[in-house]
Peer 1: 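Handing you a structure now.
So you know, we letter chains A, B, ... as the sequences are listed, proteins then strands, and number each from 1. We use all heavy atoms of the structure for the numbers below, so side chains are in, but hydrogens, waters and symmetry mates are not.
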There are 2 protein chains.
Amino acid sequence: MAKITLKKIAETLGISVATVSKALKDYDDVSPETKAKVKSLAESLNYKPNFLAQSLRNQESKTIGLIIPEIVHHFFASIIAGVINAAKKKGYLVITLQSGESYDFEKKQIELLLDKNVDGILLSLADNTVDYMHLSNLIESGFPIVLYDKITKSIHCSKVVINDQKAAFNATQYLIDTGCKKIAHVRGPLKPQTTIDRFIGYKNALKENDIEFDTSIVFEAPHLSLEDGQKIAKEIYKNHKDVDAVFAFTDLTATGVMVGLKELNVKIPEEVSIMGFSNWLLTRITSPKLSTVNQPGFKMGKQAFKVLYKEIKDRKAKTKVEFKTVELPTKLVIRDSTR
Amino acid sequence: MAKITLKKIAETLGISVATVSKALKDYDDVSPETKAKVKSLAESLNYKPNFLAQSLRNQESKTIGLIIPEIVHHFFASIIAGVINAAKKKGYLVITLQSGESYDFEKKQIELLLDKNVDGILLSLADNTVDYMHLSNLIESGFPIVLYDKITKSIHCSKVVINDQKAAFNATQYLIDTGCKKIAHVRGPLKPQTTIDRFIGYKNALKENDIEFDTSIVFEAPHLSLEDGQKIAKEIYKNHKDVDAVFAFTDLTATGVMVGLKELNVKIPEEVSIMGFSNWLLTRITSPKLSTVNQPGFKMGKQAFKVLYKEIKDRKAKTKVEFKTVELPTKLVIRDSTR
DNA sequence: TTGAAAGCGCTAACAC
DNA sequence: GTGTTAGCGCTTTCAA
């Protein structure tokens, strides 16, 4: 089955390609009769415009790029789903690429996407991205780009984030409200803003409640793994017996702490409350079930696309583009690992 | 920064566009000097060919489509990662779309991708896909398409699968070898081939070991959810006290069975061994840790792309395309939920 | 109301 | 060795 083109339609109808094109787009300088003829033929031949040709001509590919740190990860996978979902509604397709938390990859992926003439890019910064020249240049040149989740204040563009500070504050406050007095915190690797923000939220909650901040019970989980959590559990058990709650940067690590403490016969939540972050699937499977903060990945993906879409439209229309930062609300999900 | 085109280079150098194009492609009918000039200018101007124009001209987009049943799913996410990884190595980008296990979506997504001139499609059948006309037409027309994971025998094209029968056989055999006599099976929804194959593997293992097949201890988990498993656990506890092992279609359901039985004070694995399937993250978090069958998602994604890539190349070269089915090996992962 | 012509950026057959 | 030309399929002036 050879491809149906405008030309073919034009030829069989004995009219010009231009008229066919216009007829199909409902231009009002084409007679109703011609329109009808063209449309019905196009329909019956199952004509599909050639996207490539359209893109080349219109300078837009109706495709966006999505750079994600790790695909195999519940939260990020949700984001992908959200982006694809929102994009489809506007006739956009999405090319997904993985940065693997590496600055070099991140740069390369952006290049790849630009080479492919995507109309915009959705980006979550790799953890070790330190300079932002590659981005600020792009943005300055007028290319639509929206940062999501892992962002940086050093870059001036639209962003979609979770209010990590507030979320962490609420989580910590909940622990305090349920009678915990000595709350440890397991933080992630130093660099990303999320690590910093959740840490600040935690500290602020302590301060607000006149609880002394004790730096010796703030632990770093370098890989945010289960094993990291288990190690930290031992450390807590050994040197910080008075800890009665742990607020961890992410569910997996929280689970690690929980598993570790359970192995040492610490009762959860009677002796120690555990609070995670993200609300992954696994939180419903641990025993006891993990209390956590719901991080709306799917919504974030949708929202990020919407913001990007608006920017793409605005730029096309030469409207002034206003950068904005959208903050998505989180919700505490209280299960059985907290008192 | 206006885009650099061949034309611009040609103009500044005072030569023709054609020569520039050829020089950059190292055609040997261009003088070394010209080549050098062109290349160095292109380099310094940071010239990037326009993909759209190239695609339009060459009738290939260097993009493939990937239709995945569910993105937010450990196994499928691994596949996405594998595909993207392999594709990148060959200069291909991938557009991911989700079928949500719906036949109608599946059809629509394929259309979308074809409209976008992708060079090939990787597809895992939606569970409720029943007729295959949309596919067989495509394949007949010579479009490269490779089925992965959920396939059907009714379609003649290349496929990448796990040997589900063998995997299930081995899993069941292991249960038998460790002394289990009455092994229940929790199967998935009826339609997909995977459900059937794992069931057959289970049955074959029983037969091979002269264990009577008892249809009353084969349960169906309609949603393959944790809850399904929990319900089945109750049923087993109530009406089939002699069951001493459960082989479930997937880890989540296996976990459900395990959680359900534990709530009824059944000892795992002493009284009942539990075997899952897939080796998701959660298997390392349950207590006891779940024994399971490793399903190599990343590898499957890589392999699927490779097969598709070969087909794309072969078709371009007008070589005869030979359909093949690649079977990926699985591995038993024995943890603590089995004796 | 219609169509010829130009052009998006690139490639390739062919002529010089 | 280099350039001319034509064309991939589409859109959009502008002239008829």
Side-chain angles (χ1 to χ4, degrees), chain A residues 1-39 41-42 45-63 91 114-119 316-318, chain B residues 1-39 41-42 45-63 91 114-119 316-318:
Chain A
M1 90 192 168
K3 282 257 169 170
I4 311 297
T5 66
L6 287 188
K7 198 171 153 194
K8 207 163 286 168
I9 296 183
E11 277 166 5
T12 42
L13 248 36
I15 57 180
S16 81
V17 175
T19 308
V20 176
S21 172
K22 282 193 256 181
L24 288 173
K25 310 216 106 150
D26 257 333
Y27 274 46
D28 36 46
D29 58 351
V30 179
S31 76
E33 300 87 56
T34 319
K35 267 189 204 172
K37 261 196 300 183
V38 171
K39 282 184 179 170
L41 183 60
L45 290 178
N46 193 24
Y47 166 75
K48 294 277 170 55
N50 182 325
F51 236 119
L52 253 23
Q54 276 180 328
S55 300
L56 179 59
R57 178 65 228 227
N58 300 337
Q59 308 280 29
E60 63 166 8
S61 64
K62 292 275 185 186
T63 306
L114 291 178
D115 287 356
K116 272 277 180 180
N117 301 281
V118 295
D119 294 343
K316 268 216 99 162
K318 309 267 187 223
Chain B
M1 90 191 170
K3 282 257 166 168
I4 311 298
T5 65
L6 287 188
K7 199 171 154 194
K8 208 163 286 168
I9 296 183
E11 277 167 5
T12 42
L13 247 38
I15 57 178
S16 82
V17 175
T19 308
V20 175
S21 172
K22 282 193 256 181
L24 288 173
K25 310 214 108 154
D26 256 334
Y27 273 45
D28 36 48
D29 58 350
V30 179
S31 77
E33 301 87 56
T34 320
K35 267 189 205 174
K37 261 196 302 183
V38 170
K39 280 185 181 171
L41 182 61
L45 289 178
N46 193 24
Y47 166 76
K48 294 277 168 57
N50 183 325
F51 236 118
L52 254 21
Q54 276 181 327
S55 301
L56 179 60
R57 178 66 229 223
N58 300 336
Q59 308 281 27
E60 64 166 7
S61 64
K62 293 273 184 187
T63 306
L114 292 178
D115 288 355
K116 273 277 180 178
N117 301 280
V118 294
D119 295 342
K316 268 214 100 164
K318 308 267 186 221

Peer 1: Does the side chain of S16(B) get closer than 4.0 angstrom to OP1 or OP2 of dT4(D) through an N or O atom?
Peer 2: no

Peer 1: Nearest-Å distance, CG (L52(B)) to P (dC10(C))?
Peer 2: 11 Å

Peer 1: When you get a sec, tell me which of dC10(D), dA12(C), dC10(C) is the closest nucleotide to the side chain of A18(B)?
Peer 2: dA12(C)

Peer 1: Could you give the CG-to-P distance, from L6(B) to dA12(C), as a whole number of Å?
Peer 2: 12 Å

Peer 1: Please figure out whether P32(B) or R57(B) has its closest DNA chain D nucleotide nearer the 5' end.
Peer 2: P32(B)

Peer 1: Rounded to the Å, how far apart are K22(B) NZ and dA15(C) C1'?
Peer 2: 11 Å

Peer 1: Locate the shortest heavy-atom distance separating I4(A) from I9(A); write the atom from each residue and the value.
Peer 2: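 In terms of heavy atoms, the two residues are closest at CG2-CG1, 4.1 Å.
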
Peer 1: Between dG3(C), dG3(D), dT2(D), spot the one nearest the side chain of D29(B), thanks.
Peer 2: dT2(D)

Peer 1: Testing the basics here: between Q54(A) and P49(A), what is the closest heavy-atom pair and its distance to 0.1 Å?
Peer 2: NE2-CB, 3.6 Å

Peer 1: At their closest point, which heavy atom of T19(A) faces which heavy atom of V30(A), and how far apart are they?
Peer 2: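 Reported closest heavy-atom pair: CG2-CG1, 4.4 Å.
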
Peer 1: Looking at S21(A), I'd like to know whether one of its side-chain N or O atoms comes within less than 4.0 Å of OP1 or OP2 on dT11(D).
Peer 2: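 Checking S21(A) against dT11(D): at least one side-chain N or O falls below 4.0 Å of OP1 or OP2.
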
Peer 1: Any side-chain N or O of Q59(B) under 4.0 Å from OP1/OP2 of dT11(C)?
Peer 2: no

Peer 1: Quick check on dG1(D): is either OP1 or OP2 less than 4.0 Å from any side-chain nitrogen or oxygen of S31(B)?
Peer 2: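 For dG1(D), OP1/OP2 do not have a side-chain N/O of S31(B) under 4.0 Å.
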
Peer 1: Expressed in angstrom and rounded to an integer, what is the separation of K25(A) atom NZ from dC10(D) atom P?
Peer 2: 10 Å

Peer 1: Under 4.0 Å between a side-chain N/O of K7(B) and OP1 or OP2 of dC10(C), yes or no?
Peer 2: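 No, because none of the side-chain N or O atoms of K7(B) sits under 4.0 Å from OP1 or OP2 of dC10(C).
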
Peer 1: Determine the minimum heavy-atom distance between N117(B) and S61(B), stating which atoms define it.
Peer 2: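 What the structure gives for the nearest pair is O-OG, 2.6 Å.
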
Peer 1: Compare side-chain N and O positions of T34(A) against OP1 and OP2 of dT2(C) and report whether any pair is under 4.0 Å apart.
Peer 2: yes

Peer 1: Write down the distance between NZ (K116(B)) and P (dC10(D)), rounded to a whole number of angstrom.
Peer 2: 15 Å

Peer 1: Does dT11(D) have OP1 or OP2 under 4.0 Å away from a side-chain N or O of Q54(A)?
Peer 2: yes

Peer 1: For K8(A) and dG7(D), give me the distance from atom NZ to atom P, rounded to whole Å.
Peer 2: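 K8(A) atom NZ is separated from dG7(D) atom P by 16 Å.
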
Peer 1: Would you mind checking if D115(B) and K62(A) are paired as a salt bridge, meaning a charged N to carboxylate O distance below 4.0 Å?
Peer 2: no

Peer 1: Measure from CD1 on I9(A) to C1' on dG9(D) and round the result to the nearest Å.
Peer 2: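 Nearest whole value for this atom pair: 12 Å.
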
Peer 1: Would one find a side-chain N or O of Y27(B) under 4.0 angstrom from OP1 or OP2 of dA12(C)?
Peer 2: yes

Peer 1: Rounded to whole angstroms, how far apart are CD on E11(B) and P on dG9(C)?
Peer 2: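 So the two atoms are 12 Å apart, to the nearest Å.
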
